[in-house]
Amino acid sequence: MIRTVPTQPFDGQKPGTSGLRKKVPVFQQPHYVENFVQSIFDTLEGFAGKTLVVGGDGRYYNREVVQKILKMAAAAGFGRIKVGQGGLMSTPAVSAVIRKYGAFGGIVLSASHNPGGPDGDFGIKYNIGNGGPAPEKITDAVFARTKSISEFKIADVPNIDIDKLGETAIGDTIVEVVDPVTDYAELMGRLFDFDAIRELFKSGFTMRFDAMSAITGPYARRIIEDQLGAAAGTVVNATPLPDFGGHHPDPNPVNAKELYDLMMGPNAPDFGAASDGDGDRNLIIGRGIFVTPSDSLAILAAHTHLAPGYAKGISGIARSMPTSLAADQVAKAMGVGIYETPTGWKFFGNLLDADRVTICGEESAGTGSNHVREKDGLWAVLLWLTLLAKRRQPTLDIVREHWAKYGRNYYSRHDYEAVPTEAANAVMEAVRSQIPSLPGKSFGALKVKSADDFAYHDPVDGSDSKNQGLRVLFDNGSRIVYRLSGTGTEGATLRVYLERYEADPAHHAIETQAALADVIAVARQLSGIAEKTGMAEPSVVT
Ligand code: VG1
Ligand code: CO
């Protein structure tokens with residue numbers, strides 16, 4: 001029943017910041033998926049008879065790839081495969097299910113915030129037994145394997161009915177189709193005080209949750225509407241669609257414009273939120289205020305203990321390097337550790353496993369905690385609802401009070417998308433070559449304190465990760481970071497992260513781009529980005 005199929009390596013099956021991401025037609029090439037999946041299995045050891053969790057965000061090609069994986073995992077010798085009904089499961093839910101059932105690992109099918117559809121993106125990511133993304137030593141080994149693979153194994157059986165709950169056998173392997181929401185919802189019910197949040201909604205509190213026609217819809221409906229009693233219709237775009245209904249499921253004020261406009265308008269509900277393709281990112285908007293993900297991390301860290309699951313407090317906070325330093329202020333005030341890691345959730349796993357940190361976040365709208373080993377969009381929303389239920393103040397006031405206490409970190413990210421690779425490399429090189437001579441130099445009022453090419457030494461397993469972004473730090477606390485994206489599928493994407501610290505509440509109401517004008521000008525001057533890319537302005541400003 002197991003067929004061994006000869007194959008030849010494909011170039012470029014290198015996992016990036018979060019798994020392998022390519023255009024759908026690339027994944028549709030014969031054997032492309034099979035090669036990568038077999039390379040994962042070839043790299044792993046000791047999974048015979050154990051459990052694999054499989055789920056995806058429902059984007060185009062999800063169902064076909066699920067069938068291939070079920071048949072290949074059976075051929076590889078897994079004992080049980082838990083797959084979400086319809087092939088659906090959010091990234092945080094996959095992480096939760098791996099942990100709950102002690103699975104060997106999981107495979108997530110998603111290109112997350114990248115657009116979907118026949119011409120959109122697809123992605124495959126492997127997660128290890130702690131529920132988190134495979135660390136670099138595994139992804140490097142998988143990539144090495146893709147270069148030498150010569151055959152794959154697949155069970156020669158008809159497609160499994162993934163729409164019906166229940167168990168089917170493929171040889172000795174049990175395929176179990178599970179409800180993708182149940183285990184996750186149960187975990188949320190244990191971490192949060194649902195009664196307190198129900199009281200908030202009962203008091204007339206209103207909300208809109210935009211699931212962007214991606215995976216979080218069924219989760220948000222069940223939890224926010226059915227269990228927490230928010231009005232029917234609170235969750236919009238709640239059905240996962242293969243092309244996300246044409247949405248770009250990246251929950252930022254640019255792509256979630258409808259929600260943003262509603263929240264800034266006269267008929268805004270009390271609170272707004274959105275999540276991305278695979279449900280691990282979150283957007284938080286109060287009436288009249290967009291909360292930057294960096295501020296959200298800091299505010300949540302200061303309130304985590306309000307949720308019963310964290311009643312004993314937090315052990316520490318971790319943020320990715322480009323994330324603003326707002327969380328550092330909170331860590332300092334609370335007297336807990338603060339860790340700065342490279343971009344990508346995989347770097348938080350060891351810190352969480354070792355209980356050095358409880359809460360983590362990234363400027364790209366990812367927030368999460370030790371409850372799983374992925375960022376978790378809906379979890380962040382439930383923690384916000386927890387603090388709103390407790391404080392009973394508008395989001396705007398909560399944010400302003402936070403700034404008054406800790407200072408405000410003005411923050412923005414400028415993305416230059418689909419830049420030719422050579423031009424993007426030239427920008428990075430231009431900055432890199434100046435690093436040794438920058439300290440001490442002044443640009444108007446900004447004086448460079450230090451500059452480096454960020455390298456991370458993992459304090460838990462001792463591994464080193466180099467070339468994780470170019471940093472220029474100024475002596476007034478301002479900062480510029482340059483990085484190349486590791487999730488794009490078209491040319492290169494340059495990310496320029498800009499930050500300025502302002503302690504004085506009298507200066508906390510400046511429009512963000514205006515507040516950062518000096519830093520932006522220096523960032524452009526230093527890199528020559530406009531000349532090298534031919535782009536006078538970034539493609540996306542968030
Ligand atoms: C981006 C974000 C990063 C995030 C990653 C995966 O990576 O910047 O913070 O961890 O996406 O998120 P990059 O390399 O393009 O900057 V998701 O929700 O797309 O899995
Ligand atoms: Co995502």
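Residues: numbered from 1 along the sequence shown. Read the numbers this way: they start at 1 and go in the same order the structure lists the ligands and their atoms. Quick note: numbers below take in every heavy atom, side chains included, and nothing from hydrogens, waters or symmetry partners.
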Student: Please compare K375, E362, R413 and report which has the shortest non-hydrogen distance to atom 6 (C) of ligand 1.
Tutor: K375
Student: If you measure from each heavy atom of R483 to ligand 1, is any distance below 4.0 Å?
Tutor: yes
Student: For atom 11 (O) of ligand 1, what is the nearest protein heavy atom, given as residue, atom name and distance?
Tutor: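 Ranked first by proximity to atom 11 (O) of ligand 1 is R281 NH2, 3.0 Å.
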Student: Indicate whether any N or O donor in one side chain lies under 3.5 Å from an N or O acceptor in the other, for S275 and T216.
Tutor: yes
Student: What is the nearest protein non-hydrogen atom to atom 19 (O) of ligand 1, stated with its residue, atom name and distance?
Tutor: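 Here the nearest protein heavy atom works out to H113 ND1, 2.4 Å.
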Student: Using a distance threshold of 2.8 Å, what protein N/O/S atoms lie below it relative to the Co ion (ligand 2)?
Tutor: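 As for protein N, O or S atoms lying under 2.8 Å from the Co ion (ligand 2), they are S112 OG, D276 OD2, D278 OD1, D280 OD1.
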Student: Side chain, backbone, both or neither: which applies to T343 and ligand 1 if a contact is any heavy-atom pair less than 4.0 Å apart?
Tutor: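 For T343, the contact with ligand 1 is made by the side chain alone.
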Student: Tell me yes or no: between the side chains of R483 and Y497, is some donor less than 3.5 Å from an acceptor?
Tutor: yes
Student: Any nitrogen or oxygen of S364, main chain or side chain, under 3.5 Å from a nitrogen or oxygen of ligand 1?
Tutor: yes
Student: Which of the numbered atoms in ligand 1 are under 4.0 angstrom from any heavy atom belonging to R495?
Tutor: 8 (O), 13 (P), 15 (O), 16 (O)
Student: Counting each atom of ligand 1 from 1 as listed, which ones have a heavy atom of G486 under 4.0 Å away?
Tutor: 13 (P), 14 (O), 15 (O)
Student: Please work out, at 4.0 Å between heavy atoms, whether the side chain, the backbone, both, or neither of N114 comes within that distance of ligand 1.
Tutor: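 The answer is neither.
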Student: Which heavy-atom pair separates P92 from E374 by the least distance, and what is that distance?
Tutor: CA-CB, 4.3 Å
Student: Among the heavy atoms of M321, does any lie under 4.0 Å from an atom of ligand 1?
Tutor: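 No, M321 has no heavy atoms under 4.0 Å from ligand 1.
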Student: Is the closest side-chain donor-acceptor distance between H247 and N255 under 3.5 Å?
Tutor: no
Student: Rounded to the nearest 0.5 Å, what's the gap from OG on S315 to CG on D355? Could you check?
Tutor: 4.0 Å
Student: Looking only at side chains, do Y60 and D119 share a donor and an acceptor under 3.5 Å apart?
Tutor: no
Student: Only heavy atoms of D276, strictly under 4.0 Å: list the atoms of ligand 1 that pass.
Tutor: 18 (O)
Student: Thinking salt bridges, do R222 and D179 make one under a 4.0 Å N-O criterion?
Tutor: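 Yes, this pair counts.
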Student: Give the ring-plane orientation class for Y310 versus F192, where under 30° counts as parallel, over 60° as perpendicular and anything between as tilted.
Tutor: tilted
Student: Which is it for E374 and ligand 1 at heavy atoms under 4.0 Å: side chain, backbone, both or neither?
Tutor: neither
Student: For atom 7 (O) of ligand 1, what's the nearest protein heavy-atom neighbour? Residue, atom name and distance, please.
Tutor: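 Scanning the protein heavy atoms, the shortest distance from atom 7 (O) of ligand 1 goes to T487 CG2, 3.5 Å.
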Student: In ligand 1, which numbered atoms sit nearer than 4.0 Å to a non-hydrogen atom of D280?
Tutor: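 Listed by number with element: 18 (O), 20 (O).
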Student: Among the heavy atoms of G344, does any lie under 4.0 Å from an atom of ligand 1?
Tutor: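 Right, G344 reaches ligand 1.
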Student: Report yes or no: do S320 and W345 form a side-chain donor-acceptor pair below 3.5 Å?
Tutor: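 Short answer, no.
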Student: Please determine if E362 and R281 form a salt bridge, counting it only when a charged side-chain N lies under 4.0 Å from a carboxylate O.
Tutor: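 Salt bridge between E362 and R281, a charged N being under 4.0 Å from a carboxylate O: no.
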Student: Between T489 and D121, does any side-chain donor sit less than 3.5 Å from a side-chain acceptor?
Tutor: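 Checked: T489/D121 side chains pair up, N/O donor to acceptor below 3.5 Å.
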Student: Between D453 and K466, is there a salt bridge with N-O shorter than 4.0 Å?
Tutor: no
Student: Which part of S18 is near ligand 1, with near meaning a heavy atom under 4.0 Å away: side chain, backbone, both or neither?
Tutor: side chain
Student: Consider only side-chain N and O atoms of Y184 and D376, and report whether a donor and an acceptor are under 3.5 Å apart.
Tutor: yes
Student: Backbone or side chain, does any N or O of G488 fall under 3.5 Å from an N or O of ligand 1?
Tutor: no
Student: Among all protein heavy atoms in this structure, tell me which lies nearest to atom 20 (O) of ligand 1, with the distance rounded to 0.1 Å.
Tutor: R21 NH2, 3.0 Å
Student: Any salt bridge between R59 and D243, counting N to O under 4.0 Å?
Tutor: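 Answer for the salt bridge query: no.
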Student: Does this structure show an ion pair linking E186 with K100, if we count only N-O contacts that are shorter than 4.0 Å?
Tutor: yes
Student: Find all atoms of ligand 1 within a distance of less than 4.0 Å from any non-hydrogen atom belonging to S112, and give their numbers and elements.
Tutor: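 This gives 17 (V), 18 (O), 19 (O), 20 (O) as the contact atoms.
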